[in-house]
Number of protein chains: 2
Amino acid sequence: MAKRKQAPGERISEAEHAVMEALWTENPLSAADVCDRVCAANDWSIPTVKTLLGRLVSKGAVGTEPEGRRFLYHPLIERSDYVGGESRRLVNRLFGGRAAPLFAHLAENEALTDADLEEIEALLKEMRK
Amino acid sequence: MAKRKQAPGERISEAEHAVMEALWTENPLSAADVCDRVCAANDWSIPTVKTLLGRLVSKGAVGTEPEGRRFLYHPLIERSDYVGGESRRLVNRLFGGRAAPLFAHLAENEALTDADLEEIEALLKEMRK
DNA sequence: ATTTTCTGTTTACAAGCGTAGTCTTGACAA
DNA sequence: TTGTCAAGACTACGCTTGTAAACAGAAAAT
């Protein structure tokens with residue numbers, strides 16, 4: 001039984017994702033801690049963060065452990081799984097599952113910096129071995 | 001004044017996107033025509049397609065021209081604009097705007113076929129000139 | 001021991017989305 | 001000419017999302 005990459009129907013919304021990022025960067029965090037890192041940037045108030053955390057918990061994306069009177073939250077899914085899933089979704093939906101057209105697109109629209117190009121080239125070289 | 005890439009706040013939802021794909025593949029099409037190409041795959045009924053078309057029209061993403069008693073629909077935004085926008089959104093949200101990490105991710109997860117690799121390599125070579 | 005202060009839970013609510021039924025009108029066939 | 005049918009317009013409705021307030025319980029402070 002391979003480990004579950006992401007709960008089946010439970011998608012993570014964009015706002016929830018912002019919270020996940022905070023937890024991926026550093027965890028465990030209390031609700032207030034999370035707010036400290038995301039509220040300003042997103043113009044949210046604490047209740048909003050609490051709601052998002054609650055939803056993430058019920059979706060099984062974050063777990064809690066009691067610490068004194070409060071809860072500490074920590075991610076239950078890997079960032080790489082989430083990111084991978086979202087990337088693949090996009091590639092599937094927009095490019096029929098092929099990654100090359102996506103790359104071509106980014107290239108055409110100058111969405112690739114020189115650094116990107118070099119990095120990708122290096123990666124390619126590496127994979128080729 | 002560059003031509004407007006996509007209406008400001010008017011995002012195209014996933015279901016709407018399926019309709020757009022049909023119209024990008026072939027246009028103009030009547031609502032029934034669209035249904036012919038997308039209803040089966042998505043398990044939709046004609047009313048659903050009509051609703052989606054209506055929403056797309058009000059969002060300014062598709063235009064209509066009367067043909068006899070019916071309307072023919074055709075896209076008003078370019079597929080490449082949409083695709084580019086969505087791609088960039090993802091890259092921004094998940095990879096801080098850098099495309100290389102996305103590429104690395106796809107590579108790691110074997111989401112890249114050999115054909116993809118070759119194609120990308122070719123593109124790279126081309127861009128380098 | 002009582003009040004204050006956190007923190008989590010519950011409830012709220014408008015907008016967007018997926019999905020679809022009903023209404024209306026005009027063309028076409030009989 | 002009138003009934004039928006097809007097409008668009010309008011309406012509906014439950015679910016998710018973004019955003020947040022109200023409530024409850026417990027710990028801390030006084």
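Letters go in sequence order (proteins before strands), and every chain restarts at 1.
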### Query
Nearest-Å distance, NZ (Lys59(A)) to C1' (dG18(D))?
11 Å
### Tyr73(B) side-chain proximity, nearest of dT19(C), dT19(D), dG8(D)
dG8(D)
### Query
Using a cut-off of 4.0 Å on non-hydrogen atoms, how would the nucleic acid contact of Thr51(B) be classed: base, sugar-phosphate, or nothing?
base
### Message
Using whole Å, what does the distance between atom C1' of nucleotide dG18(C) and atom NE2 of His17(B) come to?
### Response
16 Å
### Query
How is Thr48(A) classified with respect to the nucleic acid when contacts are heavy atoms under 4.0 Å: base, sugar-phosphate, or nothing?
base
#### Entry: Pro47(A), nearest nucleotide to its side chain (from dG8(D), dA21(D), dG18(D))
dA21(D)
### Query
With distance as the sole criterion, do the side chain of Arg55(A) and the base of dT10(C) form a donor-acceptor contact below 3.5 Å?
no
### Message
Nearest 0.5 Å, please: how far is CG in Leu72(B) from CG in Asp33(B)?
### Response
7.5 Å
### Task
Give a yes or no on whether a donor-acceptor pair under 3.5 Å exists between the nucleobase atoms of dT9(C), that is its base, and the side chain of Arg70(A).
no
### Query
How would you label the contact of Ser13(A) with the nucleic acid (heavy atoms, under 4.0 Å): base, sugar-phosphate, or nothing?
sugar-phosphate
### Query
Between atom NZ of Lys125(A) and atom CD of Glu121(B), what is the distance when rounded to the nearest 0.5 Å?
8.5 Å
Can you check nucleotides 23-27 of chain D for protein contacts, nitrogen or oxygen pairs under 3.5 Å, and list what you find?
residue	atom	partner	partner atom	Å
dA27(D)	O3'	Arg69(A)	NH1	3.2

#### Entry: Options dG8(D), dG18(D), dG8(C), nucleotide nearest the side-chain atoms of Ala31(A)
dG8(C)
